[in-house]
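Single-structure report; data block below.
Quick note: numbers below take in every heavy atom, side chains included, and nothing from hydrogens, waters or symmetry partners.
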Amino acid sequence: MTVIQVPPRSGRSAGADERWLARRRWARAGWLYAFMLVMSFFFLGPFLMGLLSSMKDDPNEYPPRLLIPQLSVASVRQAYALGVQGGADGWNGGLRPGRTVTFEVQVRSPAGAPQTPPTVALFPYQPVSLVSTTRFAQAKDFAQVQLTPAGTRGDVRTYRVTVRTPVLTRQPGRRVDGVLAAPDGDRLTAALPGGRVVPVTLDTPQAQEVQFTLPQYQPVELIERAGTYYLRGPVFERTPLQVDVRRGQQVQGSTLPPSDRQNFGRSLAFRNITPGILGYTFNNYRRAFKETTNPASGRSLFFSWVLNSFLYAFLRVAAAVVFCSLAGYALARLNFPGKTLIFLGAVLFAQMVPNQVNLVSNYVLLKDLHLLNIWGLWFNGLVAAGGVFLMKQFFEGMPRELEESASIDGAGPFTTFWRVMLPQAGPALIALAITQFQSAWNDFFWPLVILRENTDFTLTVGLSNFRELYGGQGDYGLILAGAVLSALPVLVIFIVFQRYFVSTGADSAVKG
């Protein structure tokens, strides 16, 4: 036998080869992680951008920024301070009677430009659709705004905007929060936190003057003295401020960044100068719950939409697990006349026909059955053809010996299905449940067609109404906040059941 001697590599030792191999392994690992990061950017990037934009006052800003004021420490600190000034609450903010809020604006007025101060005013800002049938009092109708120069540096002048809210009573005593209730004749009444309704005394001409401008359910602050409650003034959730400068002038800065810029940057809107931390950073999320709440019942439409989506998804999953497993087993393991025709016509053909083809006929049928509600929505998707196909393929991959053993023991077809075959179909059932839940949760077209009452909406349909909440102006920050909230349940379910989902796909592939 001839042994071939491999000559050592010229100029390279064994240690150098090991280092070269190590560098090559690290290079491959680096390329792999870089590829995963790029893929993560493409798949998670839209969700992360939506999450970031849901915190902005103006998600349509261009160019978009990753470092937004709502996540800036300086802006959050200012929001807390302004919330304390306006509502004595650094987290929720607001504007209460007797409070004074100072807000600074820096205006650049170069040579040749007007040197006049800007125009400042409070403006109305409240939802006009959904359940917002009550028009709450606005800060612009009660608070006084004053503008005073605060300093000059070069061509930049600083102005101090002072917002004061009057106190409508001179009585001293304990301050109590309340909500105006239905009037008792000509007398104003208020509901206290415990539910007790008390008459409200108007002891000043200023209080008597505004009593007819305060609607029912308006939050107010009262003074309790010797069992008598005096109106101290309304409580406002926000303080919208508008600043306009002349042509040639430019707003250089402000205590909080503006929410919106119009008129080539000369008209700035601050939707709330007393926001607090929650009202500034998570304002859109807070609005998703508060601005869909019926003040009469205290019921939040957003919660109703979430519950409706969960109910619809649960019913879809339960129906799919029961009916698809039964139909799949029958088509896979039982012999009866017309089985192939049923499979081709009721399963394969039903999957190929788009839902829009049956739109009119299904709608008329559900209307005649008086099922234009969430039950009709569930009834329309009672049996999923794709689920039947999945279960049929899974049962066909199971060995015949299981059924033969059960038959020897005297088991009938249903007992064999229930006691023998169904317990083995766990992975396929989990995959079916996950896909049906995701499909039902994201379903939009049919719920939009069928559902009529806003209390029956699912979450996807309800979110589409957010765009008209402020008169069709496209409140995309609120829409994005609702979309992020709607995506959380699906993410949680996927994270919890992802190992079942992955293993189910592998098992189905092998057995199918």
Side-chain angles (χ1 to χ4, degrees), residues 36 39-40 43-44 47 306-334 342-343 346-348 350-351 355 374-375 377-403 405-406 411 413-444 446-447 458-460 485-512:
M36 294 173 64
M39 290 296 103
S40 300
F43 287 109
L44 296 179
F47 178 77
V306 173
L307 292 177
N308 289 338
S309 290
F310 269 115
L311 176 62
Y312 174 49
F314 172 77
L315 293 175
R316 277 277 299 270
V317 170
V321 168
V322 174
F323 294 110
C324 293
S325 59
L326 284 170
Y329 176 74
L331 292 173
R333 309 311 289 258
L334 300 182
I342 292 175
F343 176 69
V347 179
L348 293 184
Q351 291 186 82
N355 294 329
I374 194 168
W375 302 108
L377 182 66
W378 168 67
F379 181 74
N380 185 67
L382 193 60
V383 180
V388 175
F389 181 80
L390 172 68
M391 297 306 299
K392 174 182 178 296
Q393 296 300 107
F394 184 86
F395 283 123
E396 282 184 344
M398 299 187 72
R400 287 279 181 187
E401 289 76 7
L402 292 174
E403 291 175 297
S405 300
F414 183 77
T415 303
T416 304
F417 165 76
W418 182 253
R419 295 287 184 86
V420 179
M421 304 298 281
L422 194 60
Q424 307 298 323
L429 292 176
I430 292 175
L432 177 64
I434 292 174
T435 54
Q436 287 298 311
F437 180 88
Q438 185 180 15
S439 174
W441 187 266
N442 296 327
D443 195 3
F444 174 75
W446 262 110
T458 57
L459 191 54
T460 52
L485 291 174
S486 69
L488 292 180
V490 179
L491 290 177
V492 171
I493 288 177
F494 179 78
I495 292 173
V496 172
F497 293 100
Q498 58 90 19
R499 65 189 183 94
Y500 298 104
F501 189 79
V502 174
S503 63
T504 297
D507 293 344
S508 300
V510 173
K511 293 181 179 180

* Structure fact -> Minimal heavy-atom distance between Cys324 and Ala384, with the atoms involved, is SG-O, 3.5 Å
* Pairwise distance CG(Leu348) to CD1(Ile342) - rounded to 0.5 angstrom -> 12.5 Å
* To do: Quick one: closest heavy-atom pair of Asp443 and Thr458, and the distance?
  => O-OG1, 4.4 Å
* To do: Working to the nearest 0.5 Å, report the span between OG1 of Thr460 and CH2 of Trp446.
  => 14.5 Å
* Separation between CG of Leu459 and CG of Leu307, rounded to the nearest 0.5 Å -> 10.5 Å
* Counting N and O atoms only, with roles assigned by atom type, does the side chain of Arg333 sit under 3.5 Å from a partner on the main chain of Met398, one being a donor and the other an acceptor? -> yes
* Distance-minimising heavy-atom pair for Ala332 and Glu396 -> CB-CG, 3.5 Å
* Hey, what's the ring geometry for Phe389 with Phe343, parallel, tilted or perpendicular (30° and 60° as the breaks)? -> parallel
* Asked: Which heavy atom of Trp441 sits nearest a heavy atom of Ser486, and at what distance?
  -> NE1-O, 2.6 Å
* Asked: With side chains defined as the heavy atoms from C-beta onward, is the minimum distance between Glu403 and Arg400 less than 4.5 Å?
  -> yes
* Are any of the side-chain heavy atoms of Ile434 and Ile430 separated by less than 4.5 Å? -> yes
Anything under 3.5 Å between a donor and an acceptor, one on a side chain of residues 313-323, the other on a protein residue two or more places apart or in another chain? List them.
from   : atom 1 : to     : atom 2 : distance (Å)
Arg316 : NE     : Gln436 : OE1    : 3.4
Arg316 : NH1    : Tyr312 : OH     : 2.7
Arg316 : NH2    : Gln436 : OE1    : 3.2
Arg316 : NH2    : Ser439 : OG     : 3.4

* To do: Step through the shown structure and confirm whether more than 12 heavy atoms of other residues, nucleotides or ligands are within 6.0 Å of CD on Gln438.
  => no
* Do Tyr329 and Phe394 come close enough that some side-chain heavy atom pair is under 4.5 Å? -> no
* CD1 on Ile374 to CG on Asn308, rounded to 0.5 Å -> 4.5 Å
* **Minimal non-hydrogen separation, Pro489 against Leu485, with atom names** => CD-O, 3.3 Å
* Check: Val347 and Lys392 side chains under 4.5 Å, non-hydrogen atoms -> no
* How close do Trp418 and Pro423 get, heavy atom to heavy atom, and via which atoms? -> O-CD, 3.4 Å
